[in-house]
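Worksheet for the structure shown next.
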Amino acid sequence: MIRPAELIQRKRDGGELEAGELAELVLGYTRGEVPDYQLAAFLMAVHFRGLSEAETFALTDAMVRSGETIDFAAELGRRVVDKHSTGGVGDKTTLAVGPIVAACGVPFGKMSGRGLGHTGGTLDKLESIPGFRVELSTEQFVAQVRELGLAIVGQTADLVPADKKLYALRDVTATVDNTSLIAASIMSKKIASGANAIVLDVKVGDGAFMKTLADARVLGEAMRALGGRAGRDVVCVLTDMDQPLGCAVGNALEVREAVSTLVGEGPPDLAELVFDAAAHLLALSDLGLDRVEARRRAERLVDDGPAAAAYRRWVRAQGGDPDEEALPKAPVIHEVFAPDDGHVGRLAALPVGLAALHLGAGRRSKDDLVDHAVGVVCKRKRGDRVARGEALAEIHARDEETAREACETVLAAYELVDEPPPQQPIVLDTLA
Ligand code: URA
């Protein structure tokens with residue numbers, strides 16, 4: 001039997017733990033045999049001292065073993081692909097990538113999360129579709145990926161229970177923002193949920209966990225190493241989150257924008273990221289395509305209609321109504337007007353995310369109900385020209401008061417300048 005206090009002390013003093021010791025600590029904690037206060041002290045020691053690559057893998061492996069796992073290759077006899085984003089503002093990429101990849105004939109199976117703070121979550125966006133069920137059993141999830149080629153569901157209670165407990169503890173002990181702990185948390189869920197190839201979208205900027213490209217690269221490399229050790233192919237794209245992705249921020253608004261992207265009418269930055277991620281996934285699949293051909297195929301399936309048809313089939317399969325008219329609409333819409341002529345020099349993602357959160361698009365506490373109709377539509381983005389009095393953004397609100405507050409926050413997120421700023425690509429770097 002391990003003595004948790006000895007392990008805490010060794011990590012506190014900069015020492016290294018054996019894989020077996022880490023496993024006993026984490027699995028003991030998940031079973032309720034090691035108390036919160038000892039894990040909290042351990043997490044803080046990790047926060048200051050870090051984990052080696054071997055320790056990070058041992059932690060991830062123990063977390064995977066804390067619950068059930070899916071083996072898609074054995075279940076389907078095919079390679080299944082998955083994508084994950086570290087969280088941003090207006091990130092509806094998955095809603096478009098899943099149907100495109102499925103339309104190409106590659107099985108896509110993903111377990112998603114809910115919004116966290118100012119960042120949106122795929123499950124909340126999906127639940128804005130009337131009737132859509134995100135709670136499928138593991139058997140239903142696997143069967144839908146087998147039969148339809150596409151399923152996006154909530155994480156089942158039995159998958160990586162260690163992460164649920166550890167994440168909740170990290171959240172209240174100021175130990176979330178440690179690269180090894182984030183990498184282990186994300187990759188344990190990706191490995192346990194069974195995909196063979198994964199595209200990880202690491203967001204960088206004021207609206208993301210990772211504020212600098214250098215930090216994002218360290219996280220991306222750590223996650224790639226974990227995936228590699230677990231026999232998964234992982235590509236990491238590092239993408240711009242200094243402004244919201246696309247225009248819409250808020251659940252039903254984002255679903256509409258994803259649907260537009262599936263018929264070739266999405267905002268350019270979102271469309272670029274969607275095709276980039278889809279091309280990586282198709283190139284990692286068992287179709288035997290290179291990335292150039294994969295991208296061409298993805299673009300053709302959007303232009304010709306099969307991607308939108310795959311979306312409709314998938315939404316119906318999970319009980320939802322795919323008709324855009326069925327999505328909820330907010331009763332109050334206000335515009336945010338430009339105070340001057342100029343170019344948008346900056347559109348900060350964080351305040352836009354916070355404005356959407358305060359409108360009711362996210363949760364301020366765990367039990368808050370989400371209002372799926374509300375949010376922000378950024379009609380002008382970085383580099384766009386605007387004349388005084390033209391609309392910069394639209395606020396979709398449940399009442400006048402929250403609309404007015406959001407107008408102020410969103411106006412402050414815009415910085416107008418005389419000259420257009422240098423253009424920045426959406427994909428800043430790729431780790432492959
Ligand atoms: N997302 C996760 O799933 N885990 C983290 O630790 C951070 C972001």
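Indexing begins at 1, ligand by ligand and atom by atom, following the structure's order.
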>> Check for me whether R229 meets the cation-pi criterion with F57, that is, NZ or CZ under 6.0 Å from the six-membered ring centre and within 45 degrees of the ring axis.
In response: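 Flagged: R229 positioned over aromatic ring of F57.
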> Do K11 and F42 meet the cation-pi criteria used here (NZ or CZ under 6.0 Å from the six-membered ring centre, within 45° of the axis)?
Replying inline: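 No, cation not above the ring by the 6.0 Å, 45° rule.
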> When you look for protein heavy atoms under 4.0 Å from ligand 1, which residues do they belong to?
Replying inline: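 The 4.0 Å shell around ligand 1 contains Y167, R170, I182, S185, I186, K189, F209.
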> Are E221 and R217 ion-paired here, with the side-chain N under 4.0 Å from a carboxylate O?
Replying inline: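 Looking at E221 and R217, the cut-off is not met.
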>> With a 6.0 Å cut-off on the ring centroids, do W314 and F108 count as close?
In response: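 Not under 6.0 Å, so no.
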> With a 4.5 Å limit on heavy-atom distance, are the side chains of R363 and R114 in contact?
Replying inline: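 R363 reaches R114 side chain to side chain.
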> Can you tell me how far CG of D371 sits from CG of L359, rounded to the nearest 0.5 angstrom?
Replying inline: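 Output value for this atom pair is 8.5 Å.
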